[in-house]
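Quick note: numbers below take in every heavy atom, side chains included, and nothing from hydrogens, waters or symmetry partners.
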Amino acid sequence: MIPPIDSLLKYDHPLLVSRNVEKKSAKARPFKVSAQQPTSTSPIPSPPKAKPVAIDVTKQTEEILNAILPPREWTENSQLWIQQVSSTPCTRIDVVHLQEQLDLKLQQRQARETGICPVRRELYSQCFDELIRQVTINCAERGLLLLRVRDEIRMTISAYQTLYESSVAFGMRKALQAEEGKTDMEKKIIDLETEKKELERQLNEQKAKCEAIEKRENERRQVEEKKHAEEIQFLKRTNQQLKVSKAKQIKL
């Protein structure tokens, strides 16, 4: 797989790794040793050995760069290629150019200005790696400290992403449970409404029966009251007739 060429992180030119030679370790960056100077026949002593020290510092910086930012590897036409980050010191112009490239890529790839955007996160991650590379070349300790900051930020973002995914899954489960509960609740409401209608029908029937019983009892009471009144009147007339008959008998 060919790695993406378009990156804000500055790399050296790709190097072809022979298939017959053991692949070099990613943490051991090969350094170029310049050709040895011809031995001088002059009795004048050689200058102070400052160049080997500079070579050691350069080698150490390159090893730190390879440890912080591993080289990219890919195969093409059955050949293994490797591309390491550049160890060339940067200038103010390089930083300004990096900022311009960042703004240009954000615009070209239509990254969102706010909210969650993987494209914006990727570009800013590349920009931060490039800044780490530039700082590491000038001060390895500062670069390692920035590496810790970068790893901490990535770990925090990963934790938030895991929390977000678990929250989404939890929300989906709750939504499904609520949907299932909604169906059960709707069924229960329908059953209760049916039961309510049945109870209302029975209530109306009982009311009708009660009204019929009351009407019948009222009619019966009225008949009995009328009959009782007639009996009273009959008894009164009979009593009056007996009184008259008794009075006539007394006069005789």
Side-chain angles (χ1 to χ4, degrees), residues 1 4 8 99 102-129 145-252:
M1 177 180 180
L8 295 176
Q99 181 178 0
L102 175 62
D103 295 335
L104 180 61
K105 291 183 182 299
L106 287 172
Q107 184 178 4
Q108 288 179 349
R109 300 183 62 177
Q110 298 179 354
R112 298 179 183 176
E113 296 182 359
T114 57
I116 300 176
C117 180
V119 175
R120 190 179 75 248
R121 177 185 174 188
E122 178 187 356
L123 292 176
Y124 273 98
S125 178
Q126 294 178 5
C127 180
F128 195 63
D129 289 342
L145 183 59
L146 285 177
L147 176 65
R148 290 182 58 186
V149 174
R150 184 198 69 178
D151 293 340
E152 177 64 24
I153 292 175
R154 289 182 177 179
M155 184 175 63
T156 304
I157 294 177
S158 178
Y160 280 123
Q161 185 176 1
T162 303
L163 180 62
Y164 171 76
E165 293 175 353
S166 62
S167 301
V168 171
F170 178 77
M172 291 296 296
R173 289 196 302 270
K174 286 298 182 181
L176 292 176
Q177 292 177 1
E179 190 67 24
E180 294 177 356
K182 180 181 178 182
T183 304
D184 297 338
M185 189 61 66
E186 289 178 351
K187 183 179 179 181
K188 186 175 181 180
I189 290 174
I190 294 174
D191 295 339
L192 291 175
E193 288 180 351
T194 304
E195 184 179 359
K196 176 187 173 184
K197 291 180 180 180
E198 180 64 22
L199 293 175
E200 288 178 349
R201 184 186 63 80
Q202 294 179 6
L203 177 62
N204 293 330
E205 290 180 356
Q206 296 298 326
K207 284 182 177 181
K209 290 181 179 180
C210 182
E211 290 176 356
I213 293 173
E214 288 180 354
K215 183 178 180 181
R216 186 170 60 251
E217 290 296 323
N218 289 332
E219 292 176 352
R220 186 179 63 80
R221 186 174 62 252
Q222 289 176 2
V223 171
E224 289 182 353
E225 288 177 354
K226 184 179 179 181
K227 182 179 180 181
H228 182 68
E230 290 177 352
E231 289 180 353
I232 291 174
Q233 291 297 328
F234 175 74
L235 291 174
K236 283 182 178 180
R237 287 194 303 268
T238 303
N239 187 25
Q240 185 66 29
Q241 290 176 0
L242 290 173
K243 284 181 179 182
V244 172
S245 176
K246 188 69 177 174
K248 286 180 178 181
Q249 292 177 2
I250 291 174
K251 287 179 178 181
L252 292 175

Return yes when atom CD of Q110 has more than 12 non-hydrogen atoms of other residues, nucleotides or ligands closer than 6.0 Å, and no otherwise. no
Applying side chain to side chain contact (heavy atoms under 4.5 Å, CB included), name anything that partners K246, two or more places apart in sequence or on another chain. Q249, I250
Sequence neighbours excluded, every pair satisfying salt bridge (Lys or Arg N to Asp or Glu O under 4.0 Å) that has a member inside residues 170-187: none
Could you tell me the separation between the CD1 atom of I189 and the CD atom of E193, rounded to the nearest 0.5 Å? 7.0 Å
For residues 113-124, which side-chain N or O atoms pair as donor and acceptor with protein atoms under 3.5 Å away, sequence neighbours left out?
{"residue": "R120", "atom": "NH1", "partner": "R112", "partner atom": "O", "Å": "2.7"}
{"residue": "R120", "atom": "NH1", "partner": "G115", "partner atom": "O", "Å": "3.4"}
{"residue": "R120", "atom": "NH2", "partner": "G115", "partner atom": "O", "Å": "2.6"}
{"residue": "E122", "atom": "OE1", "partner": "R109", "partner atom": "NH2", "Å": "3.3"}
{"residue": "E122", "atom": "OE2", "partner": "Q126", "partner atom": "NE2", "Å": "3.4"}

Atom CD of residue position Q107 - does it have more than 12 heavy atoms of other residues, nucleotides or ligands inside 6.0 Å? no
With sequence neighbours left out, the residues meeting side-chain hydrogen bond (donor to acceptor under 3.5 Å, both in side chains) with N218 are R221
Sorted by chain and number, sequence neighbours left out, side chain to side chain contact (heavy atoms under 4.5 Å, CB included) with L192 holds for K188, E195
Residues L102 and C127: closest non-hydrogen pair is CD2-SG, 3.9 Å
Salt bridge (charged side-chain N to carboxylate O under 4.0 Å, His left out) assessment of R201 paired with E205: CA-CA 6 Å; R201 184 186 63 80; E205 290 180 356; 2.4 Å; yes
Are the side chains of T194 and I190 in contact, using a 4.5 Å heavy-atom criterion? yes
Sequence neighbours left out, cut at 3.5 Å: what donor-acceptor pairs do the side chains of residues 225-245 make with other protein atoms?
{"residue": "T238", "atom": "OG1", "partner": "F234", "partner atom": "O", "Å": "2.7"}

Residues in side-chain hydrogen bond (donor to acceptor under 3.5 Å, both in side chains) contact with Q202, at least two apart in sequence or another chain: E198
For R216, side chain to side chain contact (heavy atoms under 4.5 Å, CB included) partners two or more places apart: I213
By side chain to side chain contact (heavy atoms under 4.5 Å, CB included) - contacts of S166 (at least two apart): L163
Got a sec, which residues hit side-chain hydrogen bond (donor to acceptor under 3.5 Å, both in side chains) with E214, two or more places apart in sequence or on another chain? none
Would D151 and L147 satisfy side-chain contact (heavy atoms from CB on, under 4.5 Å), going step by step from the backbone distance to the final call? CA-CA 6 Å; D151 293 340; L147 176 65; 3.8 Å; yes
Residues at least two apart in sequence or cross-chain that pass side-chain hydrogen bond (donor to acceptor under 3.5 Å, both in side chains) with E217, listed by chain then number, are R220
Applying salt bridge (Lys or Arg N to Asp or Glu O under 4.0 Å), which residue pairs with at least one partner in residues 152-164 are found, sequence neighbours left out? D129-R154
